[in-house]
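Every chain is numbered from 1, with letters handed out A, B, ... down the list of sequences. Since the structure is predicted, the reported quantities are computational estimates derived from the model, not experimental observations.
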Protein chains: 2
Amino acid sequence: MLKRDCPIEKTLNLITGKWKSVIIFQLFEHQKCRFSELQRLIPECSKRMLALQLKELEKANIIQKNIILTSPAKTEYSLTPYGQTLEPVIKSIDTWGKQQKN
Amino acid sequence: MLKRDCPIEKTLNLITGKWKSVIIFQLFEHQKCRFSELQRLIPECSKRMLALQLKELEKANIIQKNIILTSPAKTEYSLTPYGQTLEPVIKSIDTWGKQQKN
DNA sequence: CAGCATCCGATCGGATACTG
DNA sequence: CAGTATCCGATCGGATGCTG
């Protein structure tokens, strides 16, 4: 899947991909998010894409899913310790974006 | 083109897109690069994509092109002052990637 | 509620060939 | 040398409907 075996691409492959960075950012801000909560927070992302992106992030061990066995079932997503190490990277990207005029 | 109007997405839109981050990284390392030099440095990127990505980076004012009017013409790409402000972001991404085991 | 399966048009991107 | 043009298969991603 890697376009090129270099640190830049390796990192970007984890956090880009349509909605991953936004999901990660929301999880930094909210700690835990329900699936429906993420839908509400990121309305531009379709349900299908949200599920796909969450799955990939979970597979990459960046986020983890807690299933709450009520009926109907609920879920809670949160960053793994590994995912939390991305904080300086995400913050750096966010900070730069905020510094730009438009 | 923006998927979502937030700093994270705005920044990532500039530096992702198949090969942009790698091109930017190479220009940080080499200062100036010829088109053919970039082809050699990033062999996984087709000539077509390289031209497209360079064009988009130039349009976003991240890189600039100097045309040397010999025959045949040569070009030299380099980062603009604006593009250079991306250094902490790129470095942050690169550093994180290097810290990971595999 | 939290997904998965399918369909299908839109976009991507490689291969190839051509130009000043 | 540094691109551009065209073709075309592969992939993406939205819409919709179904499931436990």
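- With sequence neighbours excluded, the residues that form a side chain to side chain contact (heavy atoms under 4.5 Å, CB included) with A:P7 are B:D94, B:K98.
- One can place NZ of B:K74 at 14 Å from P of D:dG3, the figure rounded to the nearest angstrom.
- Geometrically, B:K91 engages B:F28 in a cation-pi contact defined by less than 6.0 Å to the ring centre and at most 45° from the axis.
- Heavy-atom distances under 4.0 Å link DNA chain D to no residue of residues 54-70 of chain A.
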Within the sub-3.5 Å range, which N or O atoms of nucleotides 5-10 of chain C have a protein N or O partner, and how far apart are they?
from	atom 1	to	atom 2	distance (Å)
C:dT6	O4	A:R48	NE	3.4

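- Side-chain contact between A:K20 and A:E56 is present, with heavy atoms from C-beta onward closer than 4.5 Å.
- B:W19 places none of its side-chain heavy atoms less than 4.5 Å from the side chain of B:L52.
- The structure places CD1 of A:I23 at 12.5 Å from CD1 of A:I15, a figure rounded to the nearest 0.5 Å.
- Listed pair B:S71 / D:dC1 fails the phosphate criterion, with no side-chain N or O lying under 4.0 Å from OP1 or OP2.
- Residues A:A73 and B:A73 both approach DNA chain D. Their nearest nucleotides, taken by heavy-atom distance, put B:A73 toward the 5′ side.
- Straight-line distance from the CH2 atom of B:W19 to the C1' atom of C:dG14: 13 Å, rounded to whole Å.
- For A:K47 and D:dT16, the NZ to C1' distance is 11 Å, given to the nearest whole Å.
- Applying the 4.0 Å criterion to OP1 and OP2 of C:dG14, one finds that B:S46 has a side-chain N or O inside that range.
- The shortest distance between side-chain heavy atoms of A:Q100 and B:Y82 falls below 4.5 Å.
- By the 4.5 Å heavy-atom criterion applied to side chains, A:C33 and A:L41 are counted as neighbours.
- Between A:E44 and A:I42, some side-chain heavy-atom pair lies under the 4.5 Å cut-off.
- For B:K18 against C:dG13, a side-chain-to-base donor-acceptor contact under 3.5 Å is absent.
- Considering only heavy atoms from C-beta on, B:N66 comes within 4.5 Å of B:K32 through its side chain.
- Residues A:L14 and A:L57 form no side-chain contact, since every pair of their non-hydrogen atoms from C-beta on lies 4.5 Å or further apart.
- Taking atom CG of residue A:L52 and atom P of nucleotide D:dT11, one finds them 15 Å apart after rounding to whole Å.
- In this structure, the side chains of B:L50 and B:L38 come closer than 4.5 Å at one or more pairs of heavy atoms.
- In the hydrophobic clustering (ILVMFWY side chains linked at under 4.5 Å, chained through shared members), B:L69 is joined by B:I67.
- Side-chain atoms of A:S21 and B:E9 include a donor-acceptor pair closer than 3.5 Å.
- Between B:L50 atom CG and C:dC12 atom P the separation is 17 Å, expressed in whole Å.
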B:E76/B:R34 under salt bridge (Lys or Arg N to Asp or Glu O under 4.0 Å): CA gap, chis, key distance, verdict: CA-CA 5 Å; B:E76 250 178 13; B:R34 304 277 307 285; over 6 Å; no
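- Put simply, A:Y77 has no side-chain N or O that comes within less than 4.0 Å of OP1 or OP2 on C:dC1.
- For the helix from C:dC1-D:dG20 to C:dG20-D:dC1, the angle separating the two terminal helix axes comes to 50°, with each axis derived from five pairs and the value rounded to 10°.
- Within a heavy-atom distance below 4.0 Å of DNA chain D, the residues of residues 27-37 of chain B found are B:R34, B:F35, B:S36.
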